[in-house]
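Structure, as structure tokens:
Since this is a predicted model, take the numbers as computed values, not measurements. The first residue in the sequence is number 1, and the count goes up from there.
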Amino acid sequence: QVQLVESGGGLVQAGGSLRLSCLASGRTFDIVTMGWFRQAPGKEREFIAAIALGRGSTYYANSMKGRFTISRDNAKTTGYLQMNSLKPEDTALYYCAAGRPYYASAVSPSLYNYWGQGTQVTVSS
């Protein structure tokens with residue numbers, strides 16, 4: 001089993017930045033890809049980005065390019081999502097997920113086996 005623990009969410013003013021973290025533990029050899037998603041009230045869960053934990057290759061949703069950056073640490077067990085120039089419309093519950101999909105096509109939530117609990121990001125105007 002794999003456990004994912006997220007942290008780093010909070011309240012930030014428009015234009016500010018946050019860095020979310022996702023620590024993976026347990027049978028981490030069962031995961032090769034980590035992704036980030038967000039879900040705002042009344043909306044579908046939205047893909048943000050994915051990273052191949054082994055090589056660090058990344059893939060972004062087109063709408064997320066520029067302001068958001070996904071990365072992982074050298075131990076390949078902690079993923080990060082750096083969010084800059086935040087806007088009120090970025091307000092959502094942010095989730096990390098992990099599994100074995102190919103990172104460059106891992107855009108569907110159904111492709112991931114493990115999920116964090118979510119961390120709330122609220123951007124005030």
Side-chain angles (χ1 to χ4, degrees):
Q1 194 65 274
V2 174
Q3 296 80 43
L4 303 177
V5 179
E6 298 162 323
S7 61
L11 176 64
V12 64
Q13 292 190 108
S17 299
L18 285 173
R19 189 176 76 157
L20 308 182
S21 300
C22 179
L23 173 64
S25 61
R27 298 170 63 89
T28 56
F29 52 83
D30 280 344
I31 61 175
V32 299
T33 298
M34 183 177 289
W36 287 94
F37 294 79
R38 69 184 184 185
Q39 188 165 23
K43 296 184 178 180
E44 296 292 315
R45 189 161 296 189
E46 181 183 24
F47 172 75
I48 299 171
I51 186 167
L53 292 171
R55 300 188 67 179
S57 303
T58 59
Y59 179 76
Y60 294 88
N62 287 335
S63 62
M64 305 297 175
K65 293 179 180 178
R67 296 189 298 122
F68 291 6
T69 303
I70 190 170
S71 62
R72 55 102 170 100
D73 67 1
N74 290 333
K76 305 174 183 179
T77 54
T78 301
Y80 303 95
L81 183 68
Q82 178 68 44
M83 305 186 294
N84 299 323
S85 301
L86 285 164
K87 306 173 182 179
E89 51 263 45
D90 294 320
T91 295
L93 190 63
Y94 284 70
Y95 296 92
C96 68
R100 299 184 61 83
Y102 179 57
Y103 76 97
S105 59
V107 301
S108 173
S110 65
L111 297 174
Y112 295 84
N113 301 109
Y114 307 102
W115 290 83
Q117 78 285 356
T119 185
Q120 179 67 39
V121 172
T122 302
V123 184
S124 62
S125 61

Quiz prompt | Any donor-acceptor pair under 3.5 Å from Y112 side chain to A106 backbone | solution = yes
Self-check item: Partners passing ring-ring contact (aromatic ring centres under 6.0 Å, His included) against Y94 (at least two apart in sequence or in another chain)
Solution: none
Practice problem: Provide the closest heavy-atom pair for V107 versus F47 in the form atom of the first, atom of the second, distance. | Solution: O-CB, 3.5 Å
Donor-acceptor list for residues 118-125 side chains, cut-off 3.5 Å, not counting sequence neighbours:
{"residue": "T119", "atom": "OG1", "partner": "G9", "partner atom": "N", "Å": "3.2"}
{"residue": "Q120", "atom": "NE2", "partner": "A92", "partner atom": "O", "Å": "3.3"}
{"residue": "Q120", "atom": "NE2", "partner": "T122", "partner atom": "OG1", "Å": "3.4"}

Self-check item: Shared-cluster residues of V32, by chain and number - hydrophobic side chains joined below 4.5 Å
Solution: none
Exercise. For K65, enumerate each residue passing the side-chain contact (heavy atoms from CB on, under 4.5 Å) test, keeping only those at least two apart in sequence or located in another chain.
Key: Y60, N62
Quiz item: Of all residues at least two apart in sequence or in a different chain, which pass the side-chain hydrogen bond (donor to acceptor under 3.5 Å, both in side chains) check with T78?
Solution: D73
Quiz item: Is there a path from M64 to F37 through hydrophobic residues (I, L, V, M, F, W, Y) whose side chains come within less than 4.5 Å of each other?
Solution: no
Self-check item: L81 versus F68, closest heavy-atom pair with distance
Solution: CD1-CB, 4.3 Å
Atom pairs and distances, donor-acceptor, side-chain atoms in residues 13-30, under 3.5 Å, two or more places apart:
{"residue": "S17", "atom": "OG", "partner": "N84", "partner atom": "OD1", "Å": "2.9"}
{"residue": "R27", "atom": "NE", "partner": "D30", "partner atom": "OD2", "Å": "3.4"}

Exercise. With sequence neighbours excluded, tell me which residues meet salt bridge (Lys or Arg N to Asp or Glu O under 4.0 Å) with R55.
Key: none
Quiz item: Among all residues two or more places apart in sequence or in another chain, which pass the salt bridge (Lys or Arg N to Asp or Glu O under 4.0 Å) test with E46?
Solution: R38
Exercise. Side-chain contact test, heavy atoms from C-beta onward, threshold under 4.5 Å: evaluate it for L53 versus I31 and give yes or no.
Key: yes
Quiz item: If two hydrophobic side chains count as joined below 4.5 Å and joins carry through other members, does L86 share a cluster with Y80?
Solution: no
Practice problem: Please say whether more than 12 non-hydrogen atoms of neighbouring residues, nucleotides or ligands are located less than 6.0 Å from CD in E89. | Solution: yes
Quiz item: Under the side-chain hydrogen bond (donor to acceptor under 3.5 Å, both in side chains) test, which residues partner S105, sequence neighbours left out?
Solution: none
Quiz prompt | Residues that R67 engages under salt bridge (Lys or Arg N to Asp or Glu O under 4.0 Å), provided they are two or more places apart | solution = D90
Practice problem: Can you sort out the partners of Q117 under side-chain hydrogen bond (donor to acceptor under 3.5 Å, both in side chains), two or more places apart, ordered by chain and number? | Solution: none
Quiz item: Under a single-linkage rule joining Ile, Leu, Val, Met, Phe, Trp and Tyr whose side-chain heavy atoms are separated by less than 4.5 Å, which residues share a cluster with V5?
Solution: none
Practice problem: Consider only side-chain heavy atoms of I, L, V, M, F, W and Y, link residues closer than 4.5 Å, and tell whether M34 and I70 are in one cluster. | Solution: yes
